[in-house]
Each structure stands twice: as structure tokens, then as C-alpha cells.
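Each chain gets a letter, A, B and so on, in the order the sequences are listed, and its residues count up from 1.
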2 protein chains.
Amino acid sequence: MISNKLKAVIRDVHDFPKSGIIFKDITPILLDAKLTKEVVSALAKDTEHLNLNAIVGIESRGFWFGIMLANELGIPFIPIRKKGKLPYKTLSYKYDLEYGSAEVEVHEDAIQKNWNVLVHDDLLATGGTAKAAAELILMQGGSVAGFSFVVELDFLDGRAELLKYSKNIISLTNF
Amino acid sequence: MISNKLKAVIRDVHDFPKSGIIFKDITPILLDAKLTKEVVSALAKDTEHLNLNAIVGIESRGFWFGIMLANELGIPFIPIRKKGKLPYKTLSYKYDLEYGSAEVEVHEDAIQKNWNVLVHDDLLATGGTAKAAAELILMQGGSVAGFSFVVELDFLDGRAELLKYSKNIISLTNF
């Protein structure tokens with residue numbers, strides 16, 4: 001089962017990026033080319049019924065499986081990046097963090113009106129960034145078809161933040 | 001021909017990231033799923049004879065085609081990131097820029113001794129970051145099998161900086 005295989009390789013890194021946090025490092029998955037393909041296949045199987053027109057991947061770990069999934073499904077990939085990183089004209093969305101705020105952007109001509117768009121990121125924690133990505137899709141007249149994650153941290157209940165955008169919230173393994 | 005198809009969609013953005021720079025925006029390639037697959041196939045065709053064991057992709061635009069190429073070839077993908085972004089223990093390499101310096105890192109257990117490793121990035125400009133990636137491969141006992149880029153800026157002659165690491169320098173389109 002993919003969940004158990006992922007649990008066997010995802011690495012806990014203590015006190016990253018700051019003291020008290022146990023970070024889930026997914027880079028060991030990428031060292032296992034066979035498992036990487038299984039992850040892409042599992043995400044494709046769980047999302048192909050959504051009739052997606054595009055996938056947005058959140059900088060920068062969300063680029064990894066997001067772009068492989070888009071390539072597997074044969075649909076456009078659209079990067080969502082932190083403010084100031086995308087070169088062309090952008091739409092941006094600002095959101096609150098525990099301390100301070102963050103802002104993410106998408107190219108203003110990337111998402112077409114009425115497109116069904118999946119939000120992909122490596123990990124669902126509190127859901128703040130995924131929610132911001134959903135808002136950017138709506139700002140461009142797209143629909144939020146769902147969310148996919150490699151890892152979901154159940155105890156932070158980010159899922160509750162995302163349900164108002166879509167009931168399709170896919171994660172391959174939960175902690 | 002792939003070079004002409006790329007030239008038709010790569011977008012010039014003036015004065016990004018700073019005044020006087022004409023930035024080559026490759027995100028329109030990613031909006032065209034068919035062309036994206038052609039780019040991955042072209043990179044695979046140009047690199048499959050190198051008997052690669054792994055690909056390192058440079059943060060963060062180098063993640064895009066780097067990881068799709070690794071997935072296509074069925075080999076590990078290893079992210080190289082700016083200092084402080086990788087969670088686990090790292091090796092790092094510091095290099096000079098026109099003004100100041102930069103530092104990139106790789107997880108210390110990612111590259112195995114004697115592996116043939118390809119460096120991938122979206123664009124070859126002066127070659128400083130690609131060179132730093134090559135140094136990180138050598139520090140881990142790997143061999144630099146070559147370099148691949150989607151775009152090469154001929155007038156900056158970054159190629160000259162990289163030849164001492166490998167004569168295999170592949171770029172799909174040149175400006």
C-alpha cells in the first residue's frame with residue numbers, strides 16, 4: 001500500500017525550520033525512482049475523475065509531484081510562487097500566518113475562465129497556503145476541482161479550512 | 001524542431017529581476033502539455049547515452065524539467081537548494097556573484113560515490129550556479145556526467161565555465 005511505503009521513507013527532521021517543529025522530509029521518495037512513479041500513478045488515479053484542465057503547484061516542494069502529475073495527466077502546470085518570484089504580470093493573494101503574513105502569486109494569464117484546477121502541494125499542515133492558492137484560482141474565474149497532497153498532518157486539521165472550496169481533498173499518507 | 005517551438009512560446013520579460021535584464025520566462029511551455037512532453041523527450045534523447053545514475057535540479061525552475069526528466073529516465077532526482085532550505089544535513093558550496101555571493105546545498109546522503117550525475121537547470125547564463133552544483137557532486141564523490149538546460153544565453157558564454165567539468169553540455173534552444 002502506497003501509504004506504508006511512503007511512511008517507510010519519509011524522514012522526520014527535528015527542529016526544522018524552527019525549534020519544536022518535526023519536519024516531514026519527502027526528498028527520500030525522489031531518490032527511489034520506482035516509488036516516485038507509484039506516487040505519481042496514485043495521484044493520477046485519485047484525480048483523473050475530476051476532469052482537470054490544469055494543476056497549480058505551490059513553490060517549491062509542490063512543484064515536484066505537481067509537475068509530474070500534470071505531465072502524467074497531459075494537462076498544463078501552473079506555478080504559484082512567493083511574491084516577486086514570477087517574472088510576468090501577476091495576481092497576488094495575501095494571507096495571515098501565526099506571526100506576520102505571506103503573499104503568493106500566479107501569472108495573470110495562466111488560468112483560463114471556467115477551468116477545473118487542482119491545487120497540489122507536498123504537505124497539508126494548517127492549510128493556509130493551499131487556501132491562498134484556491135483564492136487565486138477563483139480570482140481568475142477558475143473552479144477549484146480539489147486538492148492533492150503527498151502528506152497530511154491530521155492533528156493540524158487543515159482539511160477543515162479547505163472543504164469550503166472543494167470536498168475533493170486527496171492525501172496519500174497521514175500523520 | 002524543438003528549438004523553434006520553444007522560441008515561439010518563451011516570453012521575454014523586460015527589467016526582471018532588475019532593470020536592464022531581459023528575462024526568459026519558460027512558464028508558457030508548461031501551459032502546453034504536448035510541448036512539455038516534447039521537451040522532456042528531447043532532453044531524454046540527448047542524455048540517455050550518458051548512463052546517468054541521478055539528476056540534480058537547481059532550485060527552483062530547475063526542478064520543473066529536471067524532475068520530469070528523472071521520472072522519464074527512471075532515475076533519482078536530487079534537489080539543490082539555496083542555503084537553509086533543505087531540512088536534513090547538507091553539504092554546501094559558496095560562490096561569487098557580480099555583487100556579493102550565494103550558497104547552495106545538497107543533502108549529504110543524496111549522491112552516492114561514483115554515481116554519474118547530470119546537472120539540470122532551466123537556463124544557462126554565466127554558469128555560476130551550475131558550476132556550484134558540479135562542485136557539490138564532486139564533493140560527494142560523484143562524477144559530473146553533463147549539464148542540461150532548456151535555454152542557453154550564448155552571449156554570456158557560461159558554457160566556457162562548465163567545460164572543465166564535462167564536455168556534455170546540452171541546451172534545447174539558444175539566444
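- Note that the CD atom of Glu59(B) and the CZ atom of Arg61(A) stand 9.5 Å from one another [nearest 0.5 Å].
- Contact count versus chain B (heavy atoms, under 4.5 Å) is highest, among Ile29(A), Thr36(A), Thr27(A), Val40(A), for Thr27(A).
- Across every non-hydrogen atom of Val13(B) and Pro87(A), the tightest pair is CG1-O, 3.2 Å.
- Nearest heavy atoms, Ala33(B) versus Pro76(A): CB-N, 4.3 Å.
- Interface remark: Phe23(B) contributes side-chain atoms only to the contact with chain A (heavy atom separation under 4.5 Å).
- Proximity of Lys85(A) to Ser60(B): side-chain heavy atoms (C-beta onward) are nowhere separated by under 4.5 Å.
- Put simply, the side chain of Arg11(A) reaches to within 4.5 Å of the side chain of Asp109(B), judged on heavy atoms.
- Between chain B and the options Asp25(A), Ile75(A), Asn71(A), heavy-atom pairs under 4.5 Å are most frequent for Asn71(A).
- The closest side-chain heavy-atom distance from Tyr88(B) to Pro28(A) is not below 4.5 Å.
- Each of Ile67(B), Ile55(B), Ile78(B) was checked for a side-chain contact (heavy atoms from CB on, under 4.5 Å) with Leu30(A), and the lone residue meeting it is Ile67(B).
- Heavy-atom distances place the side chain of Pro79(B), and not its backbone, under 4.5 Å from chain A.
- For His107(A), the part lying under 4.5 angstrom from a heavy atom of chain B is the side chain only.
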